[in-house]
Amino acid sequence: MAAVIQRETDHVAPLLAPIPVAAVCRVEIHDSFAGSMPVWRRMEAGQSLTPYQHFDFLTAWQDTVGEHRQLKPYIVVAYDTNDRPVMLLPLVTQREAGYTAAFFPAGKHSTFNMPLWDSAYAAAASADDVRQI
């Protein structure tokens with residue numbers, strides 16, 4: 001992510017040709033972890049992730065703590081024009097005091113609140129590209 005945030009791409013070799021942010025053509029929102037499992041597993045394959053980003057960890061957390069706290073999954077997936085997922089943002093929502101707030105699942109129980117990124121996209125994206133998504 002340092003390459004994305006600080007634009008330090010000189011030493012980052014993309015696995016695929018860079019994908020311009022304009023190629024993100026659709027966003028899909030899943031209201032369950034099970035519904036997002038196929039795309040989540042696809043994005044996990046071949047990526048360097050922390051244990052806190054894995055489907056199994058966050059699903060177990062949601063099935064125990066999240067359900068107890070009445071949190072609802074809100075998993076956002078951005079796709080490119082080739083229908084390839086380039087970003088998966090795992091969130092949960094909670095309604096409180098008349099508003100709904102979205103936040104990363106596992107809160108203080110995990111130490112890495114970050115989306116899953118396609119490595120080629122992350123290597124080519126700027127901080128502005130990420131903010132647009």
Side-chain angles (χ1 to χ4, degrees):
M1 284 312 300
V4 172
I5 295 168
Q6 299 170 3
R7 201 67 181 127
E8 296 173 7
T9 57
D10 297 351
H11 63 281
V12 178
L15 299 176
L16 302 170
I19 305 164
V21 81
V24 173
C25 69
R26 75 180 173 99
V27 173
E28 187 174 78
I29 298 171
H30 297 270
D31 62 0
S32 72
F33 279 78
S36 68
M37 184 175 67
V39 68
W40 200 320
R41 295 283 192 212
R42 180 177 168 192
M43 290 199 72
E44 282 181 345
Q47 299 290 330
S48 296
L49 305 176
T50 72
Y52 306 111
Q53 291 175 287
H54 283 271
F55 178 82
D56 294 331
F57 171 79
L58 290 172
T59 299
W61 184 90
Q62 176 62 25
D63 289 347
T64 55
V65 178
E67 289 293 324
H68 177 73
R69 292 179 53 202
Q70 298 179 340
L71 304 175
K72 304 216 180 310
Y74 193 86
I75 295 118
V76 181
V77 183
Y79 293 87
D80 69 8
T81 54
N82 295 318
D83 209 35
R84 183 176 63 181
V86 294
M87 189 264 324
L88 183 142
L89 178 62
L91 298 170
V92 290
T93 63
Q94 183 174 36
R95 184 121 177 108
E96 189 173 305
Y99 67 93
T100 301
F103 50 91
F104 284 97
K108 67 181 179 179
H109 303 289
S110 72
T111 59
F112 198 77
N113 292 326
M114 191 67 129
L116 284 71
W117 291 96
D118 173 84
S119 58
Y121 182 87
S126 69
D128 286 338
D129 295 335
V130 174
R131 278 193 286 278
Q132 285 179 352
I133 291 176

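All residue numbers in this chain count up from 1 along the given sequence.
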J.: Under 4.5 Å between any side-chain heavy atoms of Y121 and M87, yes or no?
T.: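 When only atoms from C-beta onward are counted, M87 and Y121 do not touch, as no gap falls below 4.5 Å.
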
J.: Could you measure the distance from the CZ atom of F57 to the OG1 atom of T50? Nearest 0.5 Å is fine.
T.: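 If I round to the nearest 0.5 Å, the distance is 8.5 Å.
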
J.: I need the W40 CH2 to I75 CD1 distance, nearest 0.5 Å.
T.: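 Going from the CH2 atom of W40 to the CD1 atom of I75 covers 5.5 Å.
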
J.: Give the C-alpha distance, both sets of side-chain angles, the deciding distance and a yes or no for side chain to side chain contact (heavy atoms under 4.5 Å, CB included) between Y52 and L58.
T.: CA-CA 7 Å; Y52 306 111; L58 290 172; 5.8 Å; no

J.: Kindly give the heavy-atom pair with the smallest separation between P105 and P90, and that separation in Å.
T.: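 Taking every non-hydrogen atom into account, CD-O, 3.1 Å.
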
J.: Quick one: salt bridge (Lys or Arg N to Asp or Glu O under 4.0 Å) partners of D31, sequence neighbours excluded?
T.: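 If we apply the salt bridge (Lys or Arg N to Asp or Glu O under 4.0 Å) test to D31, skipping adjacent residues, there are no hits.
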
J.: Within the distance-only criterion (no hydrogens, no angle test), does the side chain of D118 pair as donor or acceptor with the backbone N or O of A120 below 3.5 angstrom?
T.: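 Judged by distance alone, yes, a pair lies under 3.5 Å.
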
J.: List for me each residue that meets ring-ring contact (aromatic ring centres under 6.0 Å, His included) alongside Y74, sequence neighbours excluded, and say none if there are none.
T.: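 Here no residue qualifies.
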
J.: What residues form a side-chain contact (heavy atoms from CB on, under 4.5 Å) with Q94, not counting sequence neighbours?
T.: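 For Q94, the residues satisfying side-chain contact (heavy atoms from CB on, under 4.5 Å) (neighbours in sequence not counted) are R69, L71, E96, F103.
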
J.: Closer than 3.5 angstrom, by distance alone: can the side chain of H30 be matched with the main-chain N or O of G35 as a donor-acceptor pair?
T.: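 Checking the backbone N and O of G35 against the side chain of H30, a donor-acceptor pair under 3.5 Å is found.
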
J.: Can you tell me how far CG of D56 sits from CH2 of W61, rounded to the nearest 0.5 angstrom?
T.: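 CG of D56 is found 16.0 Å from CH2 of W61.
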
J.: Holding to side-chain contact (heavy atoms from CB on, under 4.5 Å), I want the full list of residues that pass it with A102, two or more places apart in sequence or in another chain.
T.: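 Listed in chain order: L91, T93.
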
J.: How far does CD of E44 sit from CD of Q53, to the nearest 0.5 angstrom?
T.: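 Interatomic distance, E44 CD to Q53 CD, rounded to 0.5 Å: 9.0 Å.
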
J.: Quick one, Q47 and S119 - any side-chain contact, counting heavy atoms below 4.5 Å?
T.: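 Side chain of Q47 against side chain of S119, heavy atoms only: contact under 4.5 Å found.
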
J.: For F33 versus S36, what's the shortest heavy-atom pair and its separation?
T.: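 Taking every non-hydrogen atom into account, O-OG, 2.9 Å.
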
J.: Mind checking what makes salt bridge (Lys or Arg N to Asp or Glu O under 4.0 Å) contact with E28, not counting sequence neighbours?
T.: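 For E28, the residues satisfying salt bridge (Lys or Arg N to Asp or Glu O under 4.0 Å) (neighbours in sequence not counted) are R26.
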
J.: Short question: side chain of Q62, backbone of P73 - any donor-acceptor pair under 3.5 Å?
T.: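 Flag not set: sc Q62 to bb P73 has no pair under 3.5 Å.
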
J.: Which residues pass the salt bridge (Lys or Arg N to Asp or Glu O under 4.0 Å) test with R42, sequence neighbours left out?
T.: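 R42 satisfies salt bridge (Lys or Arg N to Asp or Glu O under 4.0 Å) with no other residue.
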
J.: Here's a test for you: under side chain to side chain contact (heavy atoms under 4.5 Å, CB included), which of T59, L116, L49 qualifies with H54?
T.: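 Filter result, single survivor: L49.
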
